[in-house]
Amino acid sequence: MSARAMITSHKFIISDPREYQMELFEIAKERNTIAVLDTGSGKTLIACLLIRHMVDQELESRMLGRHRRVSFFLVDCVTLVFQQAAVLNCNIDAKIGKYCGNMGVDLWKKDIWDKILDDEQVIVMTADVLYNCLTHAFITMEDINLLCFDEAHHAKKRHVYARIIKDFYICGPEDMRPKIFGMTASPVDARVDVVQAALELEELLHSKITTASDLMLLQSSVNRPKEEVAAYSKLQAPFQTQLCSKLYSKYGKYESFGKIFAFSKQCASELGPWCADQVWRFALSEQEYRKLKRKEERNVNRQSSQNGLDLIEKDIQLLREAKADVQNHIFDTPDPETSDLSSKVVLLHRFLRHVYAEENNNKCIIFVSRRYTARVLAALLKEVGSQHMKLGILIGSSSSGAGDENVTFRQQMITVSQFRRGKLNCLIATSVAEEGLDIPDCSLIIRFDLYTTMIQYIQSRGRARHSKSRYIHMLEAGNEEHRRILGDVRSAEGIMRTFCQSLPEDRLLNEPPNSEHLLDENDRIYIEPESGAKLTFSSAMQIMGHYLGSLPHDGEDLSPPIYKVRHLGDRSYICELLLPAGSPITCVEGAVMTTKAGAKRAAAFEACLKLRAKEHLNAHLLPKYRLRDIPKMANAHLALDSSKTQNYASKEKPTFWTIQDSIPPPQAWITIFLLSNQQEINERLLPIAIATREKLPNIPSFPIYSDRGALSDVISLRLNKPLDVTVEKLELLSRFTIRLFYDLFNKLFEQDDSTFPYWIAPCKSGEWNEETLADDVLDWEMMTDIMSSLQLEWNDKTPINNFVDRFLVDRRQRSRRFVVYDCDPTLSPKDPVPMQIAHGSTISNILDYSYNAGKKGAAKWKYIKWKIPETEPVLIADRLLHRLNYLDPPTEKDANTCTEAWICPSAFQVSMIPCHIIHMAMIFPSISTRIDAYLHAWDVCKLLGMEDLDLGLALEAITKDSDNSHEHNKDQVNPRKGMGNNYERLEFLGDCFLKVASSVSLFAENHENDEYQLHVKRMLLVCNQHLFEKAKRINLPTYIQTEGFSRRWWYPATMKQILGKGTGKKISKPGSLHRLADKSISDVCEALIGAAFIDKGLDGATEMVTAILQTPEHQQKEWADYYKGYTKPGYQTALPSASQIKLARDIEKQIGYKFQSPKLLVSAFTHSSNPYSWEKVPCYQRLEFLGDSLLDLVCVRYIFNKYPEADPQWLTEHKMAMVSNKFLGAVSVEMGFHRKLKRVGQHLDIAIRDYAIEITEAKEKSNGAVDFWTSVSPPPKALPDILEAFIGALFVDSEFNYQIVEKFVSDFILPYFVDMTIYDNFAGQHPTTFLTQRMTDLGCTNWGYESEQIRTEEEYFILTGILIHSKVFAFGKGPSAKAARICASEAALEKLNSDGLIEFQGICDCKIVGENEMKDLERAKGIRANGEEEEVVWLEE
């Protein structure tokens, strides 16, 4: 059951009001009233009646069109919000809202509160929430018709009740002030003059105190307990038990044990030795040991650094020893009849043993003053209590020190619920049970520890409302102070009642006309003219805290603001407020005040005014950059959905092949294609060349694979001098090209010179270079011989050797092609087919095989149109496979296929083209395909103004070889083979350079921006969404290569086909559109930057960034332009102090670089907590922003070059180790940077000290292993930050010299990463990596993380959920997005490893869908393969 459910079960009470309740209700209708009635006398019922009355009046008012107003029921704690709202819900027919801080209301804006005020008639809320709403002008006093103050006696001094009245109620027009109704058991909650305190409460709340006019009527309606005094024997003086004495002798000087020693000594007197020893058991339990250790560390004097470290070490050792001593101590069972217990406890024990001697319905509360006392008594009574006593403890939710137990609101409610239902019948409670909580009527109240004020007495007595209840005061015999306290509270109650009853009905409150005397004369007020929001000294610190909480952070460096108060003498104080990381204002000084607290509030007030003046606070005095804005902007507006795809036009042929005019070219440019490994591919082939209208760019070499899998590079050689084209030469080239396409590829094109984009030509044997003349390369004689006849004619007298090295094409089925390499005179056409040749059962001899006659009888010769010779030779040949894609290795089947054949020539057309040309021409479709791809890349380069970029890298950058190339950590979907490297590696590198380029540009040109603003601006520049939009603007998607080799569209698109398959159709890609993921397009942009970085260094990458982004931040043409745009800030050129010069000299000795600006170096070591006035330099945050990106790039380039075959996932995982906070923190300590950090704050000092010790010990134990840092705790974030800031300072001081940064990283960081395999499991140790792998194994592709930032009154955290198919599967929370993601991943893994797998399978169907898609794909491939069969084409002679 939830905590809320436990407190919402209430009965209808308004139907039976008593006479005195109606009397007070009538009074409250007429004037502001403070109802003073005993606990349990029904004050809430009067409030219900009054609220119902106000609701009825409000309905009438709204019908008349007046401004809507709402009744507010204010309480002092969260518990009462739900409790009182439940009572009102049961008794009032109105819409009732309930609001408290842990509902996240501090993030709500005015429109939300306006809707609440419109929709609801009654609101129950904590007073703090209303005060905040009034401060920010979300709610005004004109919106309120009634203010009910529960436990109104709290309204004094700076309590929020008092601040609401002083800051807002009395400042508004009197006719618009709401009615006030206060409720209390006593108007006084301290030992003061009762009458004076009551009058002051009346004056503050602008109300009259009222009680029942007839006390007898009240007493008859409310049960009052029988009061008794129980005296116990005089207690011993405080003393130390044997255990305490032993501990004191060893640890008495240990400051953090001071309170425990004091309480234990007092406890020995008040409770007895056994109870005193139990205190140590609580205080030094395993759980409390860590808490005490942290508390002790915070007590070390920050100013004495080395002595402080020594003290910490000594104290921690003492703490360990004390813990061991207590654990080893033997605790005996207590004996009530011995001196183990005090007389006070013995009396309590005897009394309870009598009350619970048998099963009964008695309910008892024992009131104590300390939480420790409650826990010790509970431990005792569980040992020696009655079996019928069911014991529980009820204490407050806040703990005050070591050994003190943390109790949640839910635990309190469970205890109260169990007490109400009888599962518990005895509670040991602190003051938390006196007011507020709805505790059932008790038959017995024992004041084990006496009250200190009248209201404690009245409220605790009010718990005894049973008809025969008893209220026992436990007093020490002979203790006059106890007697005086008892007399004082009874006397004060009598005075209070007499005062309340004696007030005249018509008296006027002692209220000055303007109530100005209620305001603190030192308070200043600022009212925002735009909204009416109000800033006061009271609200300033709260507004300041809210603003600082909204600043961006990663959860690791939550430095609180530091208030440094200086005493100026003569009760004068001034405060300097130091703001933490991320704040645009670092230091503010307040006005001189008469108190320290006032000085702090004054400093906060000034800080708020400055933030508003600079528009960091909006008109409602709220932060302009809300906590929610960052993840919403990053996730929704800047990121791209990796699954979102769109259709884009696909450029079919490069612009290079576009024919500008139809006249024959006067010149042609020759490019020769050779193989680097010709012998392995085919020793009989010779190079071929193409002649083009324009000179081809430099075509990079690329690999091809032979039919047997041999690898060779295709190398292009461009001749520098063009071929002078004559009509005769052009005709010969055209006819040869057409003949080659027909004989080899069965396509006949029209001979129209104006349509030829290129011509193919055979080459002579020889060696050439770029200066060789074209006529010395092209084999004109061979082309003339080939074109002398359509085919080789032969008869029975033709020498058999004339067939050797000839290319034969089946006359009927031209897809059957053979290359003859020998003849066999021993065989005849009628001989059986050799066994090694695969053939059908109907093939009976070599002649049958030659004619592919697979049918039986005469039918198999049906289509033979020519006479078959009676005798003809048998030729030994190689059958050419249908394979045309030599860019991809052959399948295992193709590589092992036997191609040897025995054939007869009469079945074939014997081509005039020699075999050495055929072998090379077979590769030409692959060459043509790759040339087209390179030319597409060249088009992109020209589009971006970088046509001299290496085309191999450019093509890699625009190649997308699968449907999901953008998803680096997933298996490829529908991969396209033979396309070469895809963009993934280059994108990895380009992403890093883009981050650097944007960081440097923003740093140089935005001196006024803090780190947060720089981060936001950089995020907008480098985000995928921005790149995607820029890519679309330049039409980049058109050029992205998404299709591999196709036998359908490698032919020249401009030539007209007149015969063969596809005649009459346009030679083009299968579709004019291709489907691209949005992220793929942005990835290509980054890949192009990476390509430029590799080919042309910093200058080339800079030029590419500018060409793609074209933003005001990116106008640079070369790397040096970044520094040209940088203006040195004043501090960088200011004269340094002696200590700053010394720091620069120390660094020079350490790393070999001399800083020109020591102040810049000091800035790199200055934490945001350090007051600006001390060093007069800004903190390191801007430099850290710059250094972070520079370090990233150096490390990425290092592993990119070192591991050229590594995929992006591997590179990313191993880069994580190089730039992780864990590693950088270790390097900071190794270099001694932690000792140079200038900071203020104990928590940071202690954290750095602990980490330095841990990392040093880890290194000493590592035996020289460079990965010693992986096993230690994460460092304080300031340590990796200053290393990155130092790199940024190096870069700036050296005038943006990237090589200086490279040298530093090479000297001090890369030595840890000589062998990257050491860190193979570094990323794998991460829960998110584990989960990614697990989801991949399970086949799920539709999952991800969703994060939301949450802030309550008590804590701030990131909540991250893991969504599978849009359903939350697991979640986790943490102080940062990173921590929350880790926690969520761990939760998901744990769930998958237990019973969550069934739930997962019910959500995810990716595996089934994927299998079905693969089946469809295979079927589609089969259809395409069948469609590739070549048809019979006849060429008339």
Run the ring-ring contact (aromatic ring centres under 6.0 Å, His included) test against Y758 and tell me which residues pass, sequence neighbours left out.
W657, F924
side-chain hydrogen bond (donor to acceptor under 3.5 Å, both in side chains) for D1078 and Q646? Distances and angles first, verdict last.
CA-CA 7 Å; D1078 294 353; Q646 299 181 53; 3.2 Å; yes
The criterion is side-chain contact (heavy atoms from CB on, under 4.5 Å); which residues satisfy it with S716, sequence neighbours excluded?
T671, F673, I699
Which residues pass the side-chain hydrogen bond (donor to acceptor under 3.5 Å, both in side chains) test with T655, not counting sequence neighbours?
D939
Quick one: does NZ or CZ of R816 land under 6.0 Å from the six-membered ring centre of Y849, within 45 degrees of the ring axis?
yes
Could you tell me which residues satisfy side-chain contact (heavy atoms from CB on, under 4.5 Å) with A957, sequence neighbours excluded, listed by chain and number?
L986, A1087, L1088, A1091
Quick one: which residue pairs count as a side-chain hydrogen bond (donor to acceptor under 3.5 Å, both in side chains) with a foot in residues 701-711, not counting sequence neighbours?
D707-R883, D707-Y886, R708-T899
Report yes or no: do D961 and T959 form a side-chain donor-acceptor pair below 3.5 Å?
no
Check: W1050 ring centre within less than 6.0 Å of F741 ring centre
yes
Listed partners of S676 passing side-chain hydrogen bond (donor to acceptor under 3.5 Å, both in side chains), at least two apart:
S712
Kindly write out the residues that satisfy side-chain contact (heavy atoms from CB on, under 4.5 Å) with D779, not counting sequence neighbours, or none if the list is empty.
P762, K764, E781, M782
For W938, all residues meeting side-chain hydrogen bond (donor to acceptor under 3.5 Å, both in side chains), sequence neighbours excluded
none
Once side-chain hydrogen bond (donor to acceptor under 3.5 Å, both in side chains) is applied, do any residues pair with D991, and if so which ones, sequence neighbours excluded?
none
What pairs with F908 under ring-ring contact (aromatic ring centres under 6.0 Å, His included), at least two apart in sequence or on another chain?
F818
Please list, chain by chain and in numerical order, all residues satisfying ring-ring contact (aromatic ring centres under 6.0 Å, His included) with F1200, sequence neighbours excluded.
none
Return the set of residues passing ring-ring contact (aromatic ring centres under 6.0 Å, His included) with Y1203 (not counting sequence neighbours), or none when no residue passes.
W1210
Would S906 and E872 count as a side-chain hydrogen bond (donor to acceptor under 3.5 Å, both in side chains) if you check the C-alpha gap in whole Å, the side-chain angles of each, and the deciding distance to 0.1 Å?
CA-CA 8 Å; S906 63; E872 56 182 318; 2.7 Å; yes
